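Report on the following structure.
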Amino acid sequence: MASDTDLCHPARQPSEPVLSVRQVLSLERVLAGEPEVVAGAGQLDRPVRWVHVAEAADVGVMLTGGEMVLTTGVLLAGDEAKQAEYIQSLHRAEASAVVLGLGRAFPTVPEVMRRAAERCGLPMVVLHRPFPFAELTEEVQCRLVRRKFAAVSLSETVRTALTGLITAGAPLGRLLDEVAQHSGCPVVVTNLAHRVLATAGERSAVDDVLRDWERIARQAGGAAGDGWISAELGGRGERWGRLLLCGYRGDTATGRLLADRAAEALVLHRMLGGGSARSWEEQSAQSLLTDLVFGVVPARQVLPRARAAGLPVNRRTFVPLVVPGGDPARLGRVLRMLGLPGLVAELADGVTAVLLSLARDQHAEALTAHFAARLRDETDPAATVAAAEPRTVWDDVPAGLREARHVAEAVADSTAALDLPAVVRLKDVHLRGLVRLLRDDPHVQSFAERELDGLLRGAEPELLNVLRTYLATGRNKSRTAQLHHVSRPALYRRLEAIQGRLGVDLDDFEQAASVHIALLAHDAQQG
């Protein structure tokens, strides 16, 4: 006989349209039998893939998982060992629930079966009135078949609609709008570092999702739960992003099917467009900056989108810039070379806007000059940057961008070029500069996530800070303890916790170097 510990493993996830135990119990035919949940009440959302009538004690050998088993218990009466084994066999087979009809073999709830079901979390339901099991079996099977047909029909409808949009040359946003219309929930596309590249759905619902995006994405991204359904984006053995349905209200299997169809369409859209994941980032930036410059929506409503897109917004200095005739791709490359967080997008009238987001202790004027000097070196010796006064309040950013546009228009009327000196060099930051240069590469994003997963998934900012200091000081324990105001024994315990969560030995140079580079990449991605 298996132990209680062995018995209490989670049920498998459904791979096709299902009903939940709770939904089955709410059916009119079941309610006529006066059902009472006597065990496993906290597991009523388990999926029911099929309904099966079975009496034998070793019923589990006939099941494949996800069945709701109906029984009168005629072969179990008077034998408590068989009663316990019956429940254990159901649990080993990952049945969704057991329904016992009282009267024929058991006038009251059999305590042995109830206790066994409660121990392993198997929902046990008794029917107080005689109930024809055949009616329930027929109704549930019919409902499941209809759901499966509806899911397949939805899948084909979505596939046809998205293929038509791709053929017509529709932009990414139009495809996502179609997916959001069919899913009835916000749709989000991210890269591997959880930066939001595009969204669709009702604006207020999307904003709710994007608030506190970093925490939400790490908890829900990549897993189905509470309506969060994820599908990977990529091809040829390489992942470069993911699509998420956020708060999908239908059954999980249908949601997965919908997400898969959407992901297939997005991959095809990318392939036919000849672009890259970065071009989607540029589209996201263009939408953000256009809304800010032209006041399409208040700046405060744009803030969650900017944060989720990877722009640091807390306690920052914002520097609005405009480059007449600038190429967004080239300007973006210059930003990455310099390790400066910012948004770049082409606006109307052939000008490109750049919004830098700097730490409060950074010299905005000097960094603007450095950006302009590097722009000339990398693109065009006559390139000109128009800059507005730095803003420390997000609500003032639209006015700053409009001010920069006015400056750009004045420069366009002049034959004189602006001579902005370079004052900061990339070589000064050494390894950090290289990591920042590569931070948008999917391989680097995947490497950082994998190396730091044990700390990032557990949301341990304190341990991350200790690790950051320890590596930055050359693994100097005394200095690290001093900077964090803790005793050496306390530091040792934290380092042991870090090593345990990451599965590494920080005394090993190669492993420590790997973690250090991953941490630098993570910090670069977070701005």
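Because the structure is predicted, anything quoted here is derived from the model rather than measured.
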- Message: What verdict does the side-chain contact (heavy atoms from CB on, under 4.5 Å) test give for Trp50 and Leu63, after you've listed the backbone C-alpha separation in whole Å, the side-chain angles of each residue and the deciding distance to 0.1 Å?
- Response: CA-CA 10 Å; Trp50 208 244; Leu63 307 179; over 6 Å; no

- Message: Show, in sequence, the C-alpha distance, side-chain angles and deciding distance for Trp240 and Arg270, and conclude whether the side-chain contact (heavy atoms from CB on, under 4.5 Å) test is met.
- Response: CA-CA 11 Å; Trp240 43 265; Arg270 178 181 182 235; 2.7 Å; yes

- Task: Would you sort out whether Leu356 and Leu335 count as a side-chain contact (heavy atoms from CB on, under 4.5 Å), showing the intermediate values?
- Result: CA-CA 9 Å; Leu356 300 181; Leu335 280 185; 3.4 Å; yes

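- Between Leu347 and Leu401, the closest side-chain pair of non-hydrogen atoms is not below 4.5 Å.
- Looking only at distances, a side-chain donor or acceptor of Arg316 sits under 3.5 Å from a matching main-chain atom of Ser357.
- Side-chain contact between Arg203 and Val206: present, with at least one pair of heavy atoms (C-beta onward) separated by less than 4.5 Å.
- The number of heavy atoms from other shown groups lying within 6.0 Å of CD (Glu389) does not exceed 12.
- The two residues Ser446 and Arg239 come nearest to each other via the heavy atoms OG-NH2, 4.4 Å.
- Considering only heavy atoms from C-beta on, Leu288 comes within 4.5 Å of Val302 through its side chain.
- Leu245 places a side-chain heavy atom less than 4.5 Å from the side chain of Val179.
- In this structure, a donor-acceptor pair under 3.5 Å is absent between the side chains of Thr392 and Arg360.
- Here Asp396 pairs with Arg391, Val393 under the side-chain contact (heavy atoms from CB on, under 4.5 Å) rule; sequence neighbours left out.
- For Arg307 and Trp394, the positive end is not near the middle of the six-membered ring at less than 6.0 Å and at most 45° from its axis.
- With hydrogens and angles disregarded, a donor-acceptor distance shorter than 3.5 Å links the side chain of Gln499 to the backbone of Leu506.
- Gln362 and Thr317 are not linked by any side-chain donor-acceptor pair at a separation below 3.5 angstrom, with hydrogens and angles left out of the test.
- Put simply, the side chain of Leu464 reaches to within 4.5 Å of the side chain of Leu456, judged on heavy atoms.
- No option in Ile166, Leu162, Leu243 other than Leu243 meets the side chain to side chain contact (heavy atoms under 4.5 Å, CB included) test with Leu266.
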- Are Val209 and Trp228 close enough, and set up right, to give a side-chain contact (heavy atoms from CB on, under 4.5 Å), and what steps lead you there? CA-CA 11 Å; Val209 169; Trp228 283 73; 3.9 Å; yes

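- No side-chain N or O of His182 forms a donor-acceptor pair with one of Thr157 less than 3.5 Å apart.
- We find that Arg256 and Asp260 are not joined by a salt bridge, their nearest charged nitrogen and carboxylate oxygen being 4.0 Å or further apart.
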